[in-house]
Amino acid sequence: MQYNYKEIESKWQKIWDEKKPFAAKQDYTLPKYFSLVEFPYPSGQGLHVGHPRPYTALDIVSRKKRMQGYNVLFPMGWDAFGLPTENYAIKNKIHPRIVTENNVARFKSQLKALGLSFDWDREINTTDPEYYKWTQWIFLQLFKKGLAYKKEMAVNFCTSCKVVLANEEVVNGVCERCASAVIRKVKSQWMLRITEYADRLISDLDGLDYIERVKTQQINWIGKSYGAEVDFATTAGDTLTVYTTRCDTLFGATYMVIAPEHAYVEKWAPKLENYAEVVAYREAAGKKSDFERTELAKEKTGVMLKGVKAINPVNGKEIPIFISDYVLAGYGTGAIMAVPAHDERDWDFAKKFGLPIIEVVAGGDVQNEAFVDVETGKLVNSDFLNGMEVADAKEAMAAFLEEKGIGKKKVNFKLRDWVFSRQRYWGEPIPLVECEKCGWVAIPEEELPLRLPEVESYEPTETGESPLSMMTDWVNCTCPQCGGKAKRETDTMPQWAGSSWYFLRYCDPHNDKALASKEALEYWMPVDWYNGGMEHTTLHLLYSRFWAKFLFDIDVLACKEPYAKRTSHGMILGENGEKMSKSRGNVVNPDDIVRDYGADTMRLYEMFIGDFEKAAPWNPQSIKGCKRFLERFLDLSEIAAGEGVTPELEKVFHKTIKKVTADIDNMKFNTAIAAMMALVNTITEVGKITRCELSTFAKLLSPFAPHVAEEVYEMMGGKGLVSIAPWPTYDESKTVDDTVDFPVQINGKVRAVVAIPAAADKDGILAAVKADEKIAAALAGKTIVKEIVVPGKIVNIVVK
RNA sequence: GCGGGCGUGGCGGAACUGGCAGACGCGCCAGACUUAGGAUCUGGUAUCUCCGAUGUGCAGGUUCAAGUCCUGUCGCCCGCACCA
């Protein structure tokens with residue numbers, strides 16, 4: 001039969017558009033299923049073949065759930081604020097709103113061509129004032145609860161473009177666009193206190209069905225560590241506090257290191273004999289990012305502070321103090337005690353600067369390498385700690401420090417607060433004003449949305465301020481609290497803001513009274529299955545969990561976690577096995593595949609390409625295998641005849657239904673397709689199939705290749721749409737065979753395969769095995785040492 | 001550097017809690033049909049010194065049995081906080 005995919009696809013897409021079988025129902029008494037994919041950033045390049053992989057996967061999940069009777073919410077929208085659009089707008093002098101509209105239109109038509117079962121009535125766009133009204137509203141609640149605050153932060157500033165640059169725009173220390181020098185400029189920025197939620201963001205992961213690597217990566221990113229703060233007196237007469245996770249090694253501290261930005265550098269300036277050298281080092285360090293600084297591959301650098309020494313509180317020894325960029329100002333207290341014998345970085349530094357290395361935990365050879373094992377060693381050279389194990393020594397030392405009033409136990413997090421300001425145009429305006437008298441004041445909620453004003457130029461200003469700062473009419477306003485003179489905040493929010501709560505808006509996207517109604521949120525939330533890229537694990541995923549927890553705390557949301565289940569897909573790579581990118585020239589456009597093979601083949605290939613969780617290279621040759629499968633499936637309609645079951649096919653049908661059902665739940669889309677390919681092969685061999693069997697097959701295939709499935713279902717006389725027909729069920733007893741082929745090993749090598757009734761017990765199996773000619777021959781004259789029988793699996797006979 | 005992950009035929013991959021390595025597909029080979037084939041169908045296809053042995057990045061180990069577990073090692077990929 002001719003496979004006219006163009007005709008079939010446009011026919012069914014039109015019917016779906018008219019009948020809206022995929023619209024989520026307003027009936028809150030039905031069992032619900034909320035499946036979510038990360039909404040895309042509508043870039044100028046359009047969709048590439050990487051996008052449809054997760055979309056198709058969750059489309060399959062959603063379609064199956066619908067067929068299983070769930071009220072499914074499977075929505076789509078646009079995360080449309082952001083840097084590339086703004087940069088394109090500046091370059092081409094087109095309003096970013098227009099750029100966004102064009103990009104969205106293109107993305108939408110590309111997605112629609114794939115037959116994805118999104119509920120388009122619930123489409124959202126983060127740049128829509130009716131949407132960002134609620135992004136601003138959430139920010140105001142955070143502000144009112146004291147979770148938003150101002151802080152001086154270093155930003156990247158291009159000396160030539162006069163623009164604050166994102167880290168990504170800084171390449172090898174220079175501006176990506178003009179290659180001019182980038183300096184670190186201190187600016188006052190809005191911050192969100194995500195660190196207040198650090199503990200809950202770890203502990204609440206417990207009951208969640210997240211894939212393990214996502215959980216561990218989040219936990220490690222938050223980086224909770226149990227340690228102690230220890231006060232060191234200095235010869236300058238003050239106290240230097242350090243954070244350490246190894247207070248047990250205090251007797252081995254032979255020097256100290258403070259971050260180049262540590263406030264004490266200035267405080268001690270008059271006492272420092274080599275102040276100029278110290279400042280020069282600090283300036284050099286200031287040019288590097290944290291990432292560059294902590295790279296260990298580089299040689300350790302640093303400068304000793306001449307003129308001030310610290311005193312080790314447990315033994316009274318004077319030890320030198322260095323500044324070095326391997327200590328970060330933002331973590332702990334920005335100062336460490338260095339124990340070169342038991343820390344690799346300290347060891348490297350000590351070797352380079354010729355500092356003493358004192359062993360305090362026995363078990364290694366500390367003159368040759370740092371001994372960092374905390375499990376086996378015992379304390380030495382440590383006075384009252386001698387002979388203790390590390391864990392006990394930590395406790396003893398912490399107690400000692402506390403008693404002496406020179407230290408205390410302290411929990412620290414690697415997680416830092418969220419920098420929320422951007423000196424950019426294309427983002428949500430921050431709805432605050434700064435009053436001369438009242439300070440920072442929230443604008444009244446009824447004034448939301450605070451619309452992004454029209455400006456003539458989207459270019460940031462000479463000083464690096466947002467372009468909004470040029471709009472004096474807009475900036476100058478009155479204080480809502482006292483009526484006095486005030487100025488609006490001109491920074492905008494980061495792109496992360498809109499994507500931190502978008503899934504809530506899908507529950508009730510047209511609500512103008514609230515971000516969504518309470519009933520809608522209670523019914524739909526939490527998201528039952530959220531799939532997205534691994535690259536979002538530490539930022540977007542954490543930010544959105546933080547916001548959801550906050551909304552739970554202020555009684556907007558009834559669940560404390562937004563996502564019940566989180567999975568992650570692998571990347572689709574170019575044909576050469578490298579990441580697809582314009583510069584590498586290996587980008588594949590899904591439009592071409594849909595044109596040449598059809599959407600069903602495209603969907604099938606994206607799912608058949610490999611393990612959903614792993615990266616896989618695109619192979620244009622392999623696509624045709626999927627198309628052949630669909631053609632052969634379509635051809636079955638020519639041999640389909642009669643009703644009831646075909647005895648030769650009955651078991652394979654039950655097995656296939658079982659496998660496909662389980663595989664979809666387990667994200668094994670590739671093996672589900674393989675099973676259906678095998679089913680076509682079997683049916684073709686048998687040479688017959690009934691009409692109702694083919695209808696069942698169409699149902700099984702419909703989540704994967706919905707257009708072809710609808711077509712065949714209709715030909716078989718199916719009523720209504722296969723897309724919402726009941727999902728096939730199977731009979732467990734019909735999925736097992738009467739006899740099992742047992743591989744029989746002798747000394748671990750397979751010598752025969754013996755067919756044995758499935759019901760046979762261990763003795764029966766052994767008897768049948770020994771009756772086999774080949775086995776009997778192999779056993780002749782040997783002594784049996786051991787007989788292993790694994791029912792249903794294997795027999796192994798060990799002989800001498 | 002830190003954190004997370006991956007490594008199986010010519011290629012993409014399959015293999016449940018350790019139990020016949022290579023399902024399914026691509027490619028390739030042979031045949032059929034054909035004026036024609038980059039269409040379709042049928043059969044074959046891990047490697048080798050091919051009655052037998054060897055094979056899951058590499059080197060060890062545990063086990064009756066290891067792709068799967070353990071130790072070490074090499075290579076590749078993702079993230080690192082203002083890209084989304």
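Lettering of chains follows the sequences in order, A, B, ..., and the numbering in each one begins at 1.
Of the candidates A:Phe608, A:Phe612, A:Tyr605, A:Phe612 is the only one forming a ring-ring contact (aromatic ring centres under 6.0 Å, His included) with A:Phe669.
Checking A:Tyr149 against A:Asp417 by side-chain atom types alone, a donor-acceptor pair falls below 3.5 Å. Using a 3.5 Å distance cut-off with no hydrogens or angles, the side chains of A:Asp611 and A:Asn670 do not pair a donor with an acceptor.
Residue A:Val214 is out of contact with every strand shown, counting any heavy-atom pair closer than 4.0 Å. When heavy atoms are screened at a 4.0 angstrom cut-off, A:Lys414 is found touching base atoms of the nucleic acid. Note on A:Met676: nothing from the nucleic acid sits closer than 4.0 angstrom, heavy atoms only. Among the heavy atoms of the strands, none lies under 4.0 Å from A:Arg424. If you check every strand for non-hydrogen atoms under 4.0 Å, A:Arg422 touches a base. Using a 4.0 Å heavy-atom cutoff across all strands shown, A:Gly748 reaches no nucleic acid atom at all. No contact: A:Pro40 has no heavy atom under 4.0 Å from any strand. Nucleic acid contact class of A:Val419 (heavy atoms, under 4.0 Å, all strands): base. As judged by a 4.0 angstrom heavy-atom cut-off over every strand, A:Leu83 is placed among residues touching the sugar-phosphate backbone only. Within 4.0 Å (heavy atoms only), A:Glu38 reaches no atom of the nucleic acid at all. Looking at heavy-atom distances under 4.0 Å, A:Ser421 makes contact with a base. Heavy atoms of A:Val164 sit under 4.0 angstrom from at least one base atom. Within the 4.0 angstrom heavy-atom criterion, no nucleotide atom of any strand lies near A:Leu573. When heavy atoms are screened at a 4.0 angstrom cut-off, A:His536 is found touching base atoms of the nucleic acid.
Put simply, A:Lys786 has a side-chain N or O that comes within less than 4.0 Å of OP1 or OP2 on B:C64. Distances shorter than 4.0 Å separate some side-chain N or O of A:Lys749 from OP1 or OP2 on B:U54.
Out of B:G25, B:A65, B:G7, the shortest distance to the side chain of A:Asn681 is found at B:G25. Listed nucleotides B:A84, B:A23, B:G25 differ in distance to A:Phe608; the shortest reach to its side chain belongs to B:G25. Closest contact between the side chain of A:Ala166 and the listed nucleotides B:C82, B:C64, B:G25 involves B:C82. Listed nucleotides B:A39, B:A84, B:C82 differ in distance to A:Tyr41; the shortest reach to its side chain belongs to B:A84. If you check B:C16, B:A84, B:C64 against the side chain of A:Leu539, the one that comes closest is B:A84. Nearest to the side-chain atoms of A:Asn167 among the listed nucleotides B:A23, B:A81, B:G3 stands B:A81.
Note that OG1 of A:Thr684 is 8.5 Å distant from CG of A:Asp635, once rounded to the nearest 0.5 Å.
Taking the six-membered ring for Trp and thresholds of 30 and 60 degrees, A:Phe349 and A:Tyr326 have ring planes inclined between 30 and 60 degrees apart.
With respect to the salt-bridge test (charged N to carboxylate O, under 4.0 angstrom), the residues A:Lys300 and A:Glu344 do not qualify.
Glycosidic conformation of B:C50: syn, with the torsion inside 90° of 0. More than 90° away from 0 lies the glycosidic angle of B:G67, which makes this nucleotide anti.
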